[in-house]
Amino acid sequence: MKNQAAKIAFWRIIQIVFVLVLWQWGATWRDNDGVWLIPSLIDPYFISKPSDIFTRFLQLGCLTDFNGDWLLSKPGGVAACLAQHPNNLWVATGATLLNTFWGFTVGTVTGVVAGLALGRSEILAKIYSPFIIAFNAIPRIAMVPVIILMFGLGDVSKVMTAWVTVFFVVFFNTFEGARSVDRDHIAVSRLFGATRWQIMRTTILPSTMSWVFASLTPALSFSLIGVIVAEFIGTERGLGKLIVEGQARADAADMMVSVFVLMIVGVALSLGIGRVQRYLLRWQAHYQDIG
Amino acid sequence: MNFQTAPHSPNTAALPRERIAVRDVRKTYGSGASPVVAIENISFTVREGEFVALLGPSGCGKSTVLNMVAGLIAITEGAIEIDGQPVRKDHCAKSVGYVFQRDTTYPWRTVAQNVGYGLEIAGVKPGERKELVDEALAVAGLYAFRDHFPLTLSGGMRQRVSLMRTLVTKPQILLMDEPFGALDTHTKLEMHRFLLELWDRERQTVLFVTHDLGEALTLADRVLLMSARPSHLKEDFAIPFARPRDAVTLRETKEYGEAFSHMWHSLGEEFRRDDRPEGAAR
(Lines give C-alpha, C1' and ligand atoms only; values in the text may rest on other atoms or scores of the structure.)
Protein backbone atom coordinates (compact mmCIF):
# COMPACT_ATOMS: atom_id res chain seq x y z
CA MET A 1 0.00 0.00 0.00
CA LYS A 2 2.76 2.41 1.00
CA ASN A 3 4.78 1.22 -1.94
CA GLN A 4 1.91 2.01 -4.28
CA ALA A 5 1.56 5.53 -2.87
CA ALA A 6 5.23 6.19 -3.57
CA LYS A 7 4.78 4.83 -7.09
CA ILE A 8 1.81 7.11 -7.74
CA ALA A 9 3.68 10.15 -6.42
CA PHE A 10 6.69 9.29 -8.57
CA TRP A 11 4.68 9.10 -11.79
CA ARG A 12 2.87 12.31 -10.99
CA ILE A 13 6.16 14.17 -10.60
CA ILE A 14 7.44 12.66 -13.85
CA GLN A 15 4.30 13.96 -15.58
CA ILE A 16 4.72 17.48 -14.24
CA VAL A 17 8.40 17.64 -15.12
CA PHE A 18 7.74 16.23 -18.59
CA VAL A 19 5.05 18.80 -19.39
CA LEU A 20 7.05 21.74 -18.02
CA VAL A 21 10.21 20.72 -19.91
CA LEU A 22 8.30 20.20 -23.15
CA TRP A 23 6.55 23.55 -22.73
CA GLN A 24 9.77 25.44 -21.94
CA TRP A 25 11.80 23.72 -24.63
CA GLY A 26 9.11 24.00 -27.30
CA ALA A 27 8.62 27.71 -26.66
CA THR A 28 12.35 28.44 -26.79
CA TRP A 29 12.76 26.43 -29.93
CA ARG A 30 9.85 28.22 -31.61
CA ASP A 31 11.51 31.56 -30.84
CA ASN A 32 14.55 30.37 -32.81
CA ASP A 33 13.74 28.38 -35.91
CA GLY A 34 11.27 25.63 -35.11
CA VAL A 35 8.14 27.66 -35.94
CA TRP A 36 6.79 25.18 -38.47
CA LEU A 37 6.86 22.38 -35.89
CA ILE A 38 4.95 24.04 -33.07
CA PRO A 39 1.20 24.52 -33.60
CA SER A 40 0.25 28.14 -33.22
CA LEU A 41 -2.30 27.46 -30.46
CA ILE A 42 0.50 26.76 -28.04
CA ASP A 43 2.42 29.78 -29.26
CA PRO A 44 4.14 31.41 -26.25
CA TYR A 45 2.43 34.63 -27.37
CA PHE A 46 -0.75 33.10 -25.96
CA ILE A 47 0.44 30.86 -23.17
CA SER A 48 3.91 32.23 -22.39
CA LYS A 49 6.47 29.75 -21.08
CA PRO A 50 7.36 28.46 -17.60
CA SER A 51 10.50 30.54 -17.10
CA ASP A 52 8.75 33.79 -18.11
CA ILE A 53 5.76 32.96 -15.91
CA PHE A 54 8.04 32.37 -12.93
CA THR A 55 9.92 35.65 -13.57
CA ARG A 56 6.64 37.54 -13.77
CA PHE A 57 5.44 35.83 -10.61
CA LEU A 58 8.47 37.15 -8.72
CA GLN A 59 7.96 40.65 -10.15
CA LEU A 60 4.20 40.83 -9.53
CA GLY A 61 4.76 39.49 -6.05
CA CYS A 62 7.30 42.25 -5.33
CA LEU A 63 10.00 39.67 -4.67
CA THR A 64 12.27 41.01 -7.42
CA ASP A 65 12.35 44.28 -9.35
CA PHE A 66 11.94 44.42 -13.10
CA ASN A 67 15.66 43.85 -13.61
CA GLY A 68 15.42 40.57 -11.74
CA ASP A 69 17.26 41.79 -8.63
CA TRP A 70 15.96 40.43 -5.31
CA LEU A 71 14.05 43.09 -3.38
CA LEU A 72 14.23 41.12 -0.15
CA SER A 73 17.91 41.95 0.20
CA LYS A 74 17.28 45.72 -0.18
CA PRO A 75 16.06 47.42 3.02
CA GLY A 76 12.51 48.67 2.45
CA GLY A 77 12.60 47.37 -1.09
CA VAL A 78 9.57 45.09 -0.80
CA ALA A 79 7.53 47.67 1.09
CA ALA A 80 8.23 50.34 -1.52
CA CYS A 81 7.26 47.96 -4.33
CA LEU A 82 4.03 46.95 -2.57
CA ALA A 83 3.14 50.60 -2.02
CA GLN A 84 3.87 51.43 -5.64
CA HIS A 85 1.66 48.66 -7.04
CA PRO A 86 -1.78 48.81 -5.37
CA ASN A 87 -2.91 45.62 -7.12
CA ASN A 88 0.22 43.57 -6.50
CA LEU A 89 -0.11 39.80 -6.39
CA TRP A 90 -0.53 39.68 -2.60
CA VAL A 91 -3.23 42.34 -2.45
CA ALA A 92 -4.98 40.81 -5.47
CA THR A 93 -4.94 37.29 -4.02
CA GLY A 94 -6.02 38.54 -0.61
CA ALA A 95 -8.91 40.57 -2.05
CA THR A 96 -10.13 37.68 -4.21
CA LEU A 97 -9.90 35.22 -1.31
CA LEU A 98 -11.65 37.50 1.16
CA ASN A 99 -14.52 38.19 -1.24
CA THR A 100 -14.77 34.50 -2.02
CA PHE A 101 -14.98 33.73 1.68
CA TRP A 102 -17.72 36.30 2.35
CA GLY A 103 -19.70 35.32 -0.74
CA PHE A 104 -19.46 31.68 0.32
CA THR A 105 -20.46 32.40 3.91
CA VAL A 106 -23.37 34.70 3.14
CA GLY A 107 -24.57 32.43 0.31
CA THR A 108 -24.40 29.31 2.46
CA VAL A 109 -26.14 30.82 5.49
CA THR A 110 -28.98 32.35 3.47
CA GLY A 111 -29.26 29.20 1.33
CA VAL A 112 -29.60 27.03 4.44
CA VAL A 113 -32.16 29.32 6.06
CA ALA A 114 -34.29 29.58 2.91
CA GLY A 115 -33.94 25.86 2.17
CA LEU A 116 -35.04 24.91 5.68
CA ALA A 117 -37.97 27.31 5.67
CA LEU A 118 -39.30 26.12 2.31
CA GLY A 119 -38.34 22.50 2.86
CA ARG A 120 -40.29 22.26 6.11
CA SER A 121 -43.30 24.34 5.10
CA GLU A 122 -45.53 23.00 2.37
CA ILE A 123 -47.33 26.32 1.93
CA LEU A 124 -44.13 28.40 1.64
CA ALA A 125 -42.74 25.90 -0.88
CA LYS A 126 -45.89 26.20 -2.97
CA ILE A 127 -45.89 30.00 -2.90
CA TYR A 128 -42.24 30.47 -3.72
CA SER A 129 -41.43 27.61 -6.07
CA PRO A 130 -42.25 29.48 -9.35
CA PHE A 131 -40.09 32.43 -8.28
CA ILE A 132 -37.22 30.16 -7.30
CA ILE A 133 -37.43 28.37 -10.64
CA ALA A 134 -37.52 31.70 -12.50
CA PHE A 135 -34.54 33.17 -10.64
CA ASN A 136 -32.62 29.96 -10.99
CA ALA A 137 -33.21 30.06 -14.75
CA ILE A 138 -31.29 33.34 -15.05
CA PRO A 139 -27.63 32.64 -15.75
CA ARG A 140 -26.13 34.26 -12.65
CA ILE A 141 -23.30 35.74 -14.69
CA ALA A 142 -25.82 37.79 -16.70
CA MET A 143 -26.57 39.75 -13.55
CA VAL A 144 -22.97 40.79 -12.92
CA PRO A 145 -23.07 44.09 -14.87
CA VAL A 146 -26.27 45.03 -13.04
CA ILE A 147 -24.74 44.14 -9.69
CA ILE A 148 -21.66 46.25 -10.42
CA LEU A 149 -23.86 49.19 -11.41
CA MET A 150 -25.77 48.83 -8.18
CA PHE A 151 -22.89 48.22 -5.78
CA GLY A 152 -19.93 49.87 -7.48
CA LEU A 153 -16.41 48.69 -8.18
CA GLY A 154 -15.62 47.80 -4.55
CA ASP A 155 -15.76 44.51 -2.68
CA VAL A 156 -19.52 44.58 -2.10
CA SER A 157 -20.34 43.87 -5.75
CA LYS A 158 -17.96 40.86 -5.69
CA VAL A 159 -19.57 39.44 -2.58
CA MET A 160 -23.02 39.99 -4.07
CA THR A 161 -22.07 38.15 -7.26
CA ALA A 162 -20.62 35.25 -5.29
CA TRP A 163 -23.75 35.25 -3.13
CA VAL A 164 -26.20 34.87 -6.04
CA THR A 165 -24.10 32.05 -7.50
CA VAL A 166 -23.68 30.19 -4.20
CA PHE A 167 -27.19 30.71 -2.83
CA PHE A 168 -29.04 28.39 -5.21
CA VAL A 169 -26.53 25.56 -4.94
CA VAL A 170 -26.92 25.47 -1.17
CA PHE A 171 -30.62 26.28 -1.26
CA PHE A 172 -31.57 23.31 -3.45
CA ASN A 173 -29.48 20.89 -1.42
CA THR A 174 -30.91 22.14 1.86
CA PHE A 175 -34.43 22.04 0.45
CA GLU A 176 -34.07 18.41 -0.62
CA GLY A 177 -32.41 17.54 2.69
CA ALA A 178 -35.11 19.22 4.77
CA ARG A 179 -37.81 17.35 2.87
CA SER A 180 -36.15 13.97 3.24
CA VAL A 181 -35.78 13.98 7.01
CA ASP A 182 -36.71 10.51 8.25
CA ARG A 183 -40.28 10.68 9.60
CA ASP A 184 -39.50 8.11 12.26
CA HIS A 185 -36.62 10.24 13.51
CA ILE A 186 -39.09 13.08 14.00
CA ALA A 187 -41.50 10.65 15.67
CA VAL A 188 -38.73 9.60 18.09
CA SER A 189 -38.22 13.23 19.10
CA ARG A 190 -41.92 13.78 19.49
CA LEU A 191 -42.35 10.63 21.57
CA PHE A 192 -39.71 11.89 23.97
CA GLY A 193 -41.82 15.03 24.33
CA ALA A 194 -39.62 17.35 22.28
CA THR A 195 -40.93 20.84 21.53
CA ARG A 196 -41.07 22.14 17.96
CA TRP A 197 -37.78 23.96 18.49
CA GLN A 198 -36.14 20.87 20.01
CA ILE A 199 -37.29 18.76 17.05
CA MET A 200 -35.79 21.36 14.71
CA ARG A 201 -32.49 21.57 16.61
CA THR A 202 -31.91 17.90 17.37
CA THR A 203 -33.47 16.14 14.39
CA ILE A 204 -34.28 18.28 11.36
CA LEU A 205 -31.13 20.43 11.44
CA PRO A 206 -28.53 17.67 11.85
CA SER A 207 -30.29 15.46 9.32
CA THR A 208 -30.43 18.30 6.78
CA MET A 209 -26.83 19.29 7.48
CA SER A 210 -25.51 16.16 5.82
CA TRP A 211 -27.03 17.45 2.58
CA VAL A 212 -25.75 20.95 3.21
CA PHE A 213 -22.20 19.74 3.85
CA ALA A 214 -22.27 17.79 0.61
CA SER A 215 -22.93 21.06 -1.23
CA LEU A 216 -20.05 22.98 0.37
CA THR A 217 -17.39 21.97 -2.16
CA PRO A 218 -19.34 23.10 -5.23
CA ALA A 219 -20.50 26.18 -3.28
CA LEU A 220 -16.90 27.23 -2.70
CA SER A 221 -15.98 26.75 -6.38
CA PHE A 222 -19.04 28.74 -7.43
CA SER A 223 -18.10 31.52 -5.04
CA LEU A 224 -14.62 31.79 -6.55
CA ILE A 225 -16.07 31.82 -10.08
CA GLY A 226 -18.53 34.56 -9.10
CA VAL A 227 -15.80 36.76 -7.65
CA ILE A 228 -13.45 36.34 -10.63
CA VAL A 229 -16.17 37.12 -13.18
CA ALA A 230 -17.22 40.20 -11.22
CA GLU A 231 -13.59 41.28 -11.18
CA PHE A 232 -13.42 40.89 -14.96
CA ILE A 233 -16.31 43.30 -15.42
CA GLY A 234 -15.11 46.01 -13.09
CA THR A 235 -13.00 46.19 -9.97
CA GLU A 236 -10.27 48.06 -8.15
CA ARG A 237 -8.23 45.01 -7.19
CA GLY A 238 -8.15 41.23 -7.38
CA LEU A 239 -6.74 38.39 -9.46
CA GLY A 240 -9.49 38.84 -12.05
CA LYS A 241 -8.22 42.37 -12.64
CA LEU A 242 -4.67 41.11 -13.15
CA ILE A 243 -5.94 38.72 -15.80
CA VAL A 244 -7.97 41.28 -17.80
CA GLU A 245 -5.13 43.80 -17.59
CA GLY A 246 -2.70 41.17 -18.83
CA GLN A 247 -5.06 40.45 -21.69
CA ALA A 248 -5.33 44.15 -22.55
CA ARG A 249 -1.54 44.35 -22.82
CA ALA A 250 -1.40 40.97 -24.59
CA ASP A 251 0.93 39.91 -21.79
CA ALA A 252 0.55 36.13 -21.61
CA ALA A 253 2.91 35.71 -18.63
CA ASP A 254 0.80 38.12 -16.54
CA MET A 255 -2.36 36.16 -17.21
CA MET A 256 -0.72 32.83 -16.60
CA VAL A 257 0.63 33.94 -13.21
CA SER A 258 -2.91 34.73 -12.06
CA VAL A 259 -4.25 31.51 -13.51
CA PHE A 260 -1.64 29.48 -11.64
CA VAL A 261 -2.24 31.35 -8.41
CA LEU A 262 -5.98 30.68 -8.83
CA MET A 263 -5.24 27.02 -9.38
CA ILE A 264 -3.21 26.83 -6.17
CA VAL A 265 -5.86 28.78 -4.25
CA GLY A 266 -8.58 26.51 -5.64
CA VAL A 267 -6.74 23.34 -4.68
CA ALA A 268 -5.97 24.65 -1.17
CA LEU A 269 -9.60 25.68 -0.62
CA SER A 270 -11.05 22.38 -1.80
CA LEU A 271 -8.56 20.38 0.29
CA GLY A 272 -9.51 22.50 3.29
CA ILE A 273 -13.25 22.16 2.76
CA GLY A 274 -12.78 18.43 2.10
CA ARG A 275 -11.21 18.02 5.52
CA VAL A 276 -13.98 19.99 7.19
CA GLN A 277 -16.56 17.92 5.33
CA ARG A 278 -14.93 14.65 6.31
CA TYR A 279 -14.91 15.69 9.95
CA LEU A 280 -18.53 16.88 9.97
CA LEU A 281 -19.76 13.78 8.14
CA ARG A 282 -17.53 11.33 10.01
CA TRP A 283 -20.57 9.36 11.08
CA GLN A 284 -21.34 8.33 7.51
CA ALA A 285 -19.90 4.93 6.61
CA HIS A 286 -18.71 6.36 3.30
CA TYR A 287 -16.43 8.83 5.05
CA GLN A 288 -15.36 6.36 7.72
CA ASP A 289 -13.89 4.13 5.03
CA ILE A 290 -11.71 6.96 3.78
CA GLY A 291 -10.85 7.69 7.42
CA MET B 1 -53.71 -27.27 29.90
CA ASN B 2 -56.76 -25.17 29.46
CA PHE B 3 -56.46 -21.98 27.47
CA GLN B 4 -59.28 -19.72 28.30
CA THR B 5 -60.10 -16.28 27.29
CA ALA B 6 -58.81 -14.00 30.02
CA PRO B 7 -61.62 -13.43 32.51
CA HIS B 8 -63.35 -10.09 32.39
CA SER B 9 -64.26 -10.34 36.01
CA PRO B 10 -66.73 -7.84 37.45
CA ASN B 11 -64.58 -7.77 40.58
CA THR B 12 -61.84 -5.50 39.33
CA ALA B 13 -60.90 -4.05 42.69
CA ALA B 14 -58.40 -6.82 43.38
CA LEU B 15 -56.65 -6.39 40.02
CA PRO B 16 -53.90 -3.86 39.35
CA ARG B 17 -55.17 -0.61 37.84
CA GLU B 18 -55.76 -0.19 34.12
CA ARG B 19 -52.99 1.79 32.43
CA ILE B 20 -53.97 1.49 28.79
CA ALA B 21 -57.62 1.35 27.80
CA VAL B 22 -58.66 0.97 24.18
CA ARG B 23 -62.41 1.36 23.80
CA ASP B 24 -64.36 0.64 20.59
CA VAL B 25 -61.63 2.03 18.39
CA ARG B 26 -62.19 2.14 14.68
CA LYS B 27 -59.70 3.35 12.09
CA THR B 28 -60.42 4.16 8.47
CA TYR B 29 -58.14 5.60 5.84
CA GLY B 30 -59.31 7.95 3.12
CA SER B 31 -62.67 9.62 3.04
CA GLY B 32 -65.72 9.92 0.79
CA ALA B 33 -67.95 7.08 -0.34
CA SER B 34 -65.62 4.12 0.29
CA PRO B 35 -63.03 4.66 3.00
CA VAL B 36 -60.68 1.74 3.64
CA VAL B 37 -61.43 0.15 6.99
CA ALA B 38 -58.19 -0.78 8.74
CA ILE B 39 -59.58 -1.53 12.19
CA GLU B 40 -63.21 -2.60 12.41
CA ASN B 41 -63.62 -2.39 16.16
CA ILE B 42 -61.16 -3.14 18.88
CA SER B 43 -61.30 -2.92 22.68
CA PHE B 44 -58.86 -4.12 25.31
CA THR B 45 -57.11 -2.96 28.43
CA VAL B 46 -53.59 -3.40 29.73
CA ARG B 47 -53.08 -3.42 33.49
CA GLU B 48 -50.21 -2.17 35.60
CA GLY B 49 -47.12 -4.38 35.18
CA GLU B 50 -48.69 -6.55 32.51
CA PHE B 51 -46.76 -7.67 29.43
CA VAL B 52 -49.27 -7.89 26.58
CA ALA B 53 -48.44 -9.01 23.06
CA LEU B 54 -50.58 -7.92 20.14
CA LEU B 55 -50.28 -10.74 17.61
CA GLY B 56 -51.62 -10.98 14.10
CA PRO B 57 -50.83 -11.53 10.44
CA SER B 58 -48.91 -8.76 8.72
CA GLY B 59 -51.08 -5.94 7.48
CA CYS B 60 -53.76 -6.65 10.09
CA GLY B 61 -53.33 -3.23 11.66
CA LYS B 62 -51.52 -4.14 14.89
CA SER B 63 -48.98 -1.38 14.36
CA THR B 64 -51.85 0.99 13.62
CA VAL B 65 -53.35 0.20 17.03
CA LEU B 66 -50.00 0.76 18.72
CA ASN B 67 -49.43 4.05 16.89
CA MET B 68 -52.86 5.26 17.98
CA VAL B 69 -51.99 4.40 21.59
CA ALA B 70 -48.74 6.33 21.20
CA GLY B 71 -50.58 9.32 19.73
CA LEU B 72 -48.65 9.10 16.46
CA ILE B 73 -51.77 8.76 14.33
CA ALA B 74 -55.35 9.94 14.76
CA ILE B 75 -58.19 7.75 15.99
CA THR B 76 -61.20 7.69 13.65
CA GLU B 77 -63.78 6.57 16.20
CA GLY B 78 -63.74 5.46 19.82
CA ALA B 79 -61.27 6.42 22.51
CA ILE B 80 -57.91 5.42 23.94
CA GLU B 81 -56.96 6.36 27.47
CA ILE B 82 -53.62 6.17 29.23
CA ASP B 83 -54.03 6.38 33.01
CA GLY B 84 -57.50 7.76 32.40
CA GLN B 85 -56.27 10.58 30.17
CA PRO B 86 -57.56 10.50 26.58
CA VAL B 87 -54.81 10.13 23.94
CA ARG B 88 -54.79 12.67 21.12
CA LYS B 89 -52.63 12.79 18.03
CA ASP B 90 -49.25 14.51 18.57
CA HIS B 91 -49.74 14.57 22.32
CA CYS B 92 -47.64 11.74 23.64
CA ALA B 93 -48.12 10.79 27.25
CA LYS B 94 -45.01 11.48 29.33
CA SER B 95 -45.06 8.05 30.95
CA VAL B 96 -44.87 6.26 27.58
CA GLY B 97 -41.74 4.94 25.86
CA TYR B 98 -41.81 3.68 22.29
CA VAL B 99 -39.46 1.36 20.40
CA PHE B 100 -39.64 1.14 16.62
CA GLN B 101 -39.15 -1.88 14.38
CA ARG B 102 -36.89 0.07 12.03
CA ASP B 103 -33.49 1.23 13.12
CA THR B 104 -34.23 4.74 14.33
CA THR B 105 -30.90 5.55 15.96
CA TYR B 106 -29.65 8.96 14.94
CA PRO B 107 -26.69 8.20 12.64
CA TRP B 108 -24.98 11.52 13.42
CA ARG B 109 -24.95 10.86 17.16
CA THR B 110 -22.57 8.47 18.88
CA VAL B 111 -23.95 5.49 20.77
CA ALA B 112 -23.73 7.40 24.07
CA GLN B 113 -25.35 10.51 22.57
CA ASN B 114 -28.15 8.34 21.13
CA VAL B 115 -28.87 6.66 24.44
CA GLY B 116 -28.81 10.06 26.17
CA TYR B 117 -31.18 11.65 23.65
CA GLY B 118 -34.42 11.28 25.62
CA LEU B 119 -32.74 12.53 28.80
CA GLU B 120 -31.39 15.52 26.89
CA ILE B 121 -34.89 16.39 25.65
CA ALA B 122 -36.21 15.99 29.19
CA GLY B 123 -33.60 18.51 30.36
CA VAL B 124 -31.52 16.17 32.55
CA LYS B 125 -28.20 17.85 33.45
CA PRO B 126 -25.12 16.57 31.58
CA GLY B 127 -23.44 15.10 34.68
CA GLU B 128 -26.46 13.10 35.75
CA ARG B 129 -27.15 12.19 32.15
CA LYS B 130 -23.69 10.73 31.70
CA GLU B 131 -24.13 8.57 34.80
CA LEU B 132 -27.48 7.20 33.63
CA VAL B 133 -26.21 6.64 30.09
CA ASP B 134 -23.05 4.87 31.24
CA GLU B 135 -25.11 2.60 33.44
CA ALA B 136 -27.50 1.79 30.57
CA LEU B 137 -24.57 1.16 28.22
CA ALA B 138 -22.98 -1.21 30.70
CA VAL B 139 -26.26 -3.13 31.08
CA ALA B 140 -26.60 -3.44 27.31
CA GLY B 141 -22.96 -4.45 26.82
CA LEU B 142 -22.37 -1.37 24.70
CA TYR B 143 -19.97 0.52 26.93
CA ALA B 144 -16.94 -0.22 24.76
CA PHE B 145 -18.83 1.21 21.79
CA ARG B 146 -19.99 4.38 23.50
CA ASP B 147 -18.12 6.69 21.11
CA HIS B 148 -18.93 4.72 17.97
CA PHE B 149 -21.42 5.90 15.38
CA PRO B 150 -24.42 3.61 14.73
CA LEU B 151 -23.47 2.88 11.13
CA THR B 152 -20.43 0.96 12.36
CA LEU B 153 -22.56 -1.33 14.54
CA SER B 154 -24.52 -4.49 13.73
CA GLY B 155 -28.32 -4.47 13.49
CA GLY B 156 -28.70 -6.14 16.89
CA MET B 157 -26.43 -3.61 18.57
CA ARG B 158 -28.29 -0.71 16.99
CA GLN B 159 -31.58 -2.10 18.24
CA ARG B 160 -30.08 -2.37 21.73
CA VAL B 161 -29.11 1.28 21.44
CA SER B 162 -32.73 2.16 20.49
CA LEU B 163 -34.05 0.07 23.34
CA MET B 164 -31.72 1.65 25.91
CA ARG B 165 -32.49 5.13 24.55
CA THR B 166 -36.09 4.48 25.54
CA LEU B 167 -35.48 2.53 28.76
CA VAL B 168 -32.99 5.02 30.19
CA THR B 169 -35.82 7.56 30.52
CA LYS B 170 -37.61 5.03 32.80
CA PRO B 171 -40.97 4.92 31.04
CA GLN B 172 -43.70 3.22 33.05
CA ILE B 173 -45.48 2.13 29.90
CA LEU B 174 -43.52 0.60 27.05
CA LEU B 175 -44.92 0.39 23.51
CA MET B 176 -42.92 -1.81 21.18
CA ASP B 177 -43.57 -2.19 17.46
CA GLU B 178 -41.94 -5.47 16.38
CA PRO B 179 -38.67 -4.21 17.80
CA PHE B 180 -36.81 -7.39 16.87
CA GLY B 181 -38.60 -8.00 13.57
CA ALA B 182 -35.61 -7.09 11.44
CA LEU B 183 -33.13 -9.28 13.31
CA ASP B 184 -31.94 -12.80 12.50
CA THR B 185 -33.19 -15.69 14.64
CA HIS B 186 -30.12 -15.97 16.83
CA THR B 187 -29.88 -12.24 17.56
CA LYS B 188 -33.60 -12.20 18.22
CA LEU B 189 -33.28 -14.86 20.92
CA GLU B 190 -30.45 -12.90 22.52
CA MET B 191 -32.65 -9.84 22.53
CA HIS B 192 -35.55 -11.77 24.11
CA ARG B 193 -33.25 -12.87 26.88
CA PHE B 194 -32.00 -9.32 27.32
CA LEU B 195 -35.47 -7.79 27.32
CA LEU B 196 -36.85 -10.34 29.82
CA GLU B 197 -33.92 -9.69 32.13
CA LEU B 198 -34.54 -5.94 32.03
CA TRP B 199 -38.28 -6.30 32.36
CA ASP B 200 -37.98 -8.57 35.40
CA ARG B 201 -36.23 -5.70 37.19
CA GLU B 202 -38.62 -2.88 36.34
CA ARG B 203 -41.87 -4.64 35.44
CA GLN B 204 -43.08 -1.91 33.16
CA THR B 205 -46.49 -2.12 31.55
CA VAL B 206 -45.78 -3.37 28.03
CA LEU B 207 -47.76 -3.49 24.82
CA PHE B 208 -45.70 -5.46 22.32
CA VAL B 209 -46.68 -5.82 18.66
CA THR B 210 -45.45 -8.88 16.77
CA HIS B 211 -46.36 -11.35 14.05
CA ASP B 212 -44.06 -13.97 15.59
CA LEU B 213 -46.01 -16.43 17.76
CA GLY B 214 -42.88 -17.77 19.45
CA GLU B 215 -41.87 -14.28 20.43
CA ALA B 216 -45.31 -13.51 21.84
CA LEU B 217 -45.33 -16.72 23.91
CA THR B 218 -41.81 -16.19 25.20
CA LEU B 219 -42.35 -12.65 26.40
CA ALA B 220 -45.98 -11.99 27.23
CA ASP B 221 -48.45 -12.55 30.06
CA ARG B 222 -51.30 -12.19 27.64
CA VAL B 223 -51.55 -12.51 23.89
CA LEU B 224 -54.22 -10.60 22.00
CA LEU B 225 -54.81 -12.23 18.65
CA MET B 226 -56.01 -9.88 15.93
CA SER B 227 -57.92 -11.04 12.89
CA ALA B 228 -57.05 -10.20 9.30
CA ARG B 229 -58.40 -6.94 7.91
CA PRO B 230 -60.80 -5.35 8.60
CA SER B 231 -59.51 -6.27 12.00
CA HIS B 232 -61.01 -6.91 15.35
CA LEU B 233 -59.78 -8.78 18.40
CA LYS B 234 -60.19 -12.49 17.77
CA GLU B 235 -58.95 -14.03 21.00
CA ASP B 236 -57.38 -13.07 24.30
CA PHE B 237 -55.06 -15.74 25.71
CA ALA B 238 -53.50 -15.80 29.13
CA ILE B 239 -49.95 -17.20 29.02
CA PRO B 240 -49.37 -18.98 32.32
CA PHE B 241 -45.62 -19.74 32.08
CA ALA B 242 -43.75 -19.05 35.29
CA ARG B 243 -41.38 -16.13 35.54
CA PRO B 244 -38.53 -15.45 35.34
CA ARG B 245 -38.45 -17.16 31.97
CA ASP B 246 -35.51 -18.21 29.92
CA ALA B 247 -35.99 -17.38 26.26
CA VAL B 248 -34.15 -20.51 25.10
CA THR B 249 -35.09 -23.26 27.54
CA LEU B 250 -38.74 -22.17 27.67
CA ARG B 251 -39.14 -23.39 24.11
CA GLU B 252 -38.22 -26.92 25.14
CA THR B 253 -41.07 -27.26 27.68
CA LYS B 254 -44.27 -29.24 27.05
CA GLU B 255 -46.50 -26.31 28.02
CA TYR B 256 -44.86 -24.13 25.44
CA GLY B 257 -45.46 -26.75 22.74
CA GLU B 258 -49.15 -27.06 23.66
CA ALA B 259 -49.73 -23.35 23.78
CA PHE B 260 -47.89 -22.93 20.52
CA SER B 261 -49.93 -25.50 18.62
CA HIS B 262 -53.22 -24.21 20.03
CA MET B 263 -52.53 -20.67 18.93
CA TRP B 264 -50.83 -21.68 15.72
CA HIS B 265 -54.14 -22.96 14.36
CA SER B 266 -56.02 -19.88 15.40
CA LEU B 267 -53.39 -17.67 13.82
CA GLY B 268 -53.27 -19.87 10.72
CA GLU B 269 -56.94 -19.22 10.04
CA GLU B 270 -56.21 -15.51 9.95
CA PHE B 271 -53.25 -15.91 7.62
CA ARG B 272 -55.44 -17.91 5.26
CA ARG B 273 -58.18 -15.31 5.44
CA ASP B 274 -55.62 -12.69 4.61
CA ASP B 275 -54.61 -14.62 1.47
CA ARG B 276 -58.04 -14.27 -0.09
CA PRO B 277 -58.46 -11.67 -2.81
CA GLU B 278 -59.49 -8.18 -1.73
CA GLY B 279 -63.18 -7.99 -0.91
CA ALA B 280 -63.71 -11.74 -0.54
CA ALA B 281 -63.12 -11.51 3.19
CA ARG B 282 -65.93 -9.04 3.73
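Proteins come first, then strands; the chains are lettered A, B, ... in the order of their sequence lines, and each starts at number 1.
- In this structure, CH2 on W108(B) lies 14.0 Å from CG on L280(A), to the nearest 0.5 angstrom.
- Atom CH2 of W102(A) has 12 or fewer heavy atoms from other residues, nucleotides or ligands within 6.0 Å.
- For CZ of R23(B), the number of neighbouring non-hydrogen atoms (other residues, nucleotides, ligands) closer than 6.0 Å is greater than 12.
- The line from CZ of R201(A) to CD of E120(B) is 6.0 Å long, rounded to the nearest 0.5 Å.
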Starting from the C-alpha separation in whole Å, work towards a yes-or-no answer on side chain to side chain contact (heavy atoms under 4.5 Å, CB included) for F192(A) and R165(B).
CA-CA 10 Å; F192(A) 280 122; R165(B) 177 175 65 185; 3.7 Å; yes

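- Across every non-hydrogen atom of G193(A) and I121(B), the tightest pair is C-CG2, 4.0 Å.
- Separating the CG atom in L72(B) from the CG atom in D184(A) is a distance of 8.5 Å, to the nearest 0.5 Å.
- Counted within 6.0 Å of CZ on F232(A), heavy atoms from surrounding residues, nucleotides or ligands total more than 12; the atom is thus considered enclosed.
- Residue-environment remark: CZ (R158(B)) exceeds the threshold of 12 foreign heavy atoms within 6.0 Å.
- At a 4.5 Å heavy-atom cutoff, the contact between T104(B) and chain A is made by backbone and side-chain atoms alike.
- Within the model, atoms OG1 of T166(B) and CG of L191(A) stand 8.5 Å from one another, a figure rounded to the nearest 0.5 Å.
- Around CD1 of I8(A), the count of heavy atoms belonging to other residues, nucleotides or ligands within 6.0 Å exceeds 12.
- When all heavy atoms of L151(B) and W283(A) are compared, the closest pair comes out as CD1-O, 3.4 Å.
- A side-chain donor-acceptor contact under 3.5 Å links Y106(B) to the backbone of H185(A).
- Scanning both residues, T203(A) and Y117(B), for their nearest heavy atoms gives OG1-OH, 3.5 Å.
- Contact of A70(B) with chain A is made through backbone and side chain together, with heavy-atom distances under 4.5 Å.
- Annotation: F135(A), atom CZ; neighbour count of heavy atoms from other residues, nucleotides and ligands within 6.0 Å does not exceed 12.
- Contact count versus chain B (heavy atoms, under 4.5 Å) is highest, among A187(A), S210(A), S207(A), for S207(A).
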